[in-house]
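Report on one structure; see the data block that follows.
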Amino acid sequence: MATMKDVARLAGVSTSTVSHVINNNRFVSEAVREKIIAAITQLNYAPSALARSLKLNQTRTIGMLLTASSNPFYSEVVRGVERCCFERGYSLVLCNTEGDEDRMNRSLETLLQKRVDGLLIMCTESHIPSAEILNRYPSIPSVMMDWAPFEGDSDIIQDNSLLGGKMATRYLISRGYTRIACIAGPQDKTPARLRLEGFQQAMKTANLPILPGYIVRGDFEFEGGYNAMNHLLAINPLPQAIFTCNDAMAVGVYHALFQAGLVAGRDIAVIGYDDIELARYMTPPLTTIHQPKDELGELAIDTLIHRLAEPGDSQQLLVLTPELIERGSVTEI
């Protein structure tokens, strides 16, 4: 493989002149530039990203640890993160932990050893990244996405899930529903706990009872919503409305209702959370709480870039505001 020295030797110039042409950071006469370009072409030379990163002490790469699943929410977040990285001149290295603590920490060590400039972490809170590993690389900033406060120096970006849970429940109440059930998410995730808490607080404020069996814990996956809805269909009296704590589970709810000969919106109102792209194409389109996924990704990247520029700034906690999206799965009674 050709080196910059080989290019300089063939062109009859110094390596610094070759560097100036490659980086376009200093004037070089057109005649000399053409000789260098011809030498680069002849030798099929490609600048070494590793050498450049060692010289500049940055790799222009961001690592991301993610507990991915069939839930489209995660892929939509990653899509936003990757787009923001590209727009800002960074590459993204993605590692899926699959909810495994050992795999998470091995991936974490690998990313840090590769000297990523910054790190995004979006995993289950029952598996906290190893503080020992993070402490070995104190100069590499990290951002916790959609997490509760984390014991460390990481910046944190999260959805206001407590408010979102209240908004969803209050909306159902405002449409005349009194027998409201909640399909909650896994309680090792702070957003799931807060959405359930928001539901409970809104019901209490409205002086509405939560009937026995009306809170079912799901897993934020399609099948979890399907199984939870089948459980609710066996309860008497049947709920009038369901607050499903994410849209993926709402897809499963729709399927369970279909198999029971019922229709969301007509027979039982359904409201979701996240506003994944699929929500607007469901039948009927799903009323949901919009979580700003693009803004979540953009804020995460910009927070990392700011931290790289200002490493001494105090820890940031950024909270995104949810928004109600009204569609056809909730009607007035």
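Every value quoted in this text rests on a predicted model; they were computed, and no experiment measured them.
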Distance under 6.0 Å and angle within 45° of ring axis: R195 vs Y273: yes
Heavy-atom pair with the smallest gap, counting every atom of M145 and V81: CE-CG2, 4.1 Å
Closest heavy-atom pair and its distance - A300, L120: CB-CD2, 3.8 Å
From CA spacing to verdict: side chain to side chain donor-acceptor pair (under 3.5 Å), Q240, T178: CA-CA 7 Å; Q240 297 170 314; T178 56; 3.2 Å; yes
Short side-chain donor-acceptor distance under 3.5 Å, Y137 and E109: yes
Candidate pair E101 and M104, rule side chain to side chain contact (heavy atoms under 4.5 Å, CB included), full reasoning: CA-CA 5 Å; E101 186 173 11; M104 174 186 64; 4.1 Å; yes
Heavy-atom closest contact (L232 atom, Y214 atom, distance): CD2-CA, 4.2 Å
Value rounded to 0.5 Å, distance of OG1 in T67 from CG in D100: 9.5 Å
R79 bridged to D294 by N-O distance under 4.0 Å: no
Polar side chain donor-acceptor pair, E326 to T287, under 3.5 angstrom: no
Side chain to side chain donor-acceptor pair (under 3.5 Å) partner of Y226, chosen from Q259, H255, E221, H231: Q259
Qualifying salt bridge (Lys or Arg N to Asp or Glu O under 4.0 Å) pairs with a residue from residues 201-212, counting only residues at least two apart or across chains: none
More than 12 heavy atoms of other groups within 6.0 Å of E132 CD: no
Min side-chain heavy-atom separation F222-M249 under 4.5 Å: no
ILVMFWY cluster, I183 and I173 together (side-chain gap under 4.5 Å): yes
Nearest-0.5 Å distance, CG of residue L108 to OG1 of residue T97: 11.0 Å
Chi angles and distances behind the side chain to side chain donor-acceptor pair (under 3.5 Å) call for T61, S91: CA-CA 5 Å; T61 301; S91 298; 4.9 Å; no
Side chain proximity check, V143 to Q316, heavy atoms < 4.5 angstrom: no
Check: L92 and F86 side chains under 4.5 Å, non-hydrogen atoms: no
Transitive ILVMFWY side-chain link L172 to I333, under 4.5 Å: yes
Contact check, side chains of C95 and L111, non-hydrogen atoms, under 4.5 Å: yes
Heavy-atom closest contact (A250 atom, T244 atom, distance): N-CG2, 3.4 Å
Min side-chain heavy-atom separation Y254-L286 under 4.5 Å: yes
Pairwise side-chain contact, Y90 with I301, heavy-atom cut-off 4.5 Å (strictly under): no
Pair D302 + R88, salt bridge at N-O below 4.0 Å: yes
M229-F258 co-clustered via ILVMFWY side chain contacts under 4.5 Å: no
Reported CD1-to-SG distance for the pair I210 and C182, which is rounded to 0.5 angstrom: 8.0 Å
From M122 atom CE to K189 atom NZ, the distance as rounded to the nearest 0.5 Å: 7.5 Å
E310 side-chain N/O to L308 backbone N/O, donor-acceptor pair under 3.5 Å: no
Under 3.5 Å donor-acceptor, K293 side chain and D275 backbone: yes
Check against side chain to side chain contact (heavy atoms under 4.5 Å, CB included), L299 and L320: CA-CA 10 Å; L299 267 178; L320 303 176; 3.3 Å; yes
R106 backbone acceptor or donor facing T110 side chain under 3.5 Å: yes
Polar side-chain atom of S329 near backbone of V270 as donor-acceptor pair, under 3.5 Å: yes
F220 and S70, any side-chain heavy atoms less than 4.5 Å apart: no
Backbone of I276 reached by a side-chain donor or acceptor of D274 within 3.5 Å: no
Criterion side chain to side chain contact (heavy atoms under 4.5 Å, CB included) on L66 and V77, from CA distance to verdict: CA-CA 10 Å; L66 176 76; V77 169; 6.0 Å; no
Minimum-distance pair of heavy atoms, taken over all atoms of L304 and P141: CD2-O, 3.5 Å
Cluster link I325 to V251, ILVMFWY, side chain under 4.5 Å: no
Expected output: side-chain Q315 to main-chain S154 donor-acceptor under 3.5 Å: yes
N/O donor-acceptor pair under 3.5 Å between D117 side chain and R60 backbone: yes
Pair T288-D247, side-chain donor/acceptor within less than 3.5 Å: yes
Donor-acceptor pair, side chain of T169 and main chain of G165, under 3.5 angstrom: yes
Residue pair L119 / M64: nearest heavy atoms and the distance that separates them: CD1-N, 4.5 Å
Contact check, side chains of R179 and L208, non-hydrogen atoms, under 4.5 Å: no
Side chains of D6 and T3, donor plus acceptor under 3.5 Å: yes
Nearest-0.5 Å distance, CZ of residue R327 to CD1 of residue I271: 10.5 Å
Donor-acceptor contact below 3.5 Å, side chain R83 vs main chain G297: no
Residues D313 and R307 bridged, charged N to O under 4.0 Å: no
Linked, directly or transitively: V253 and L211 (ILVMFWY side chains, under 4.5 Å): yes
Test item: R217 side-chain N/O and A184 main-chain N/O as donor-acceptor pair under 3.5 Å: no
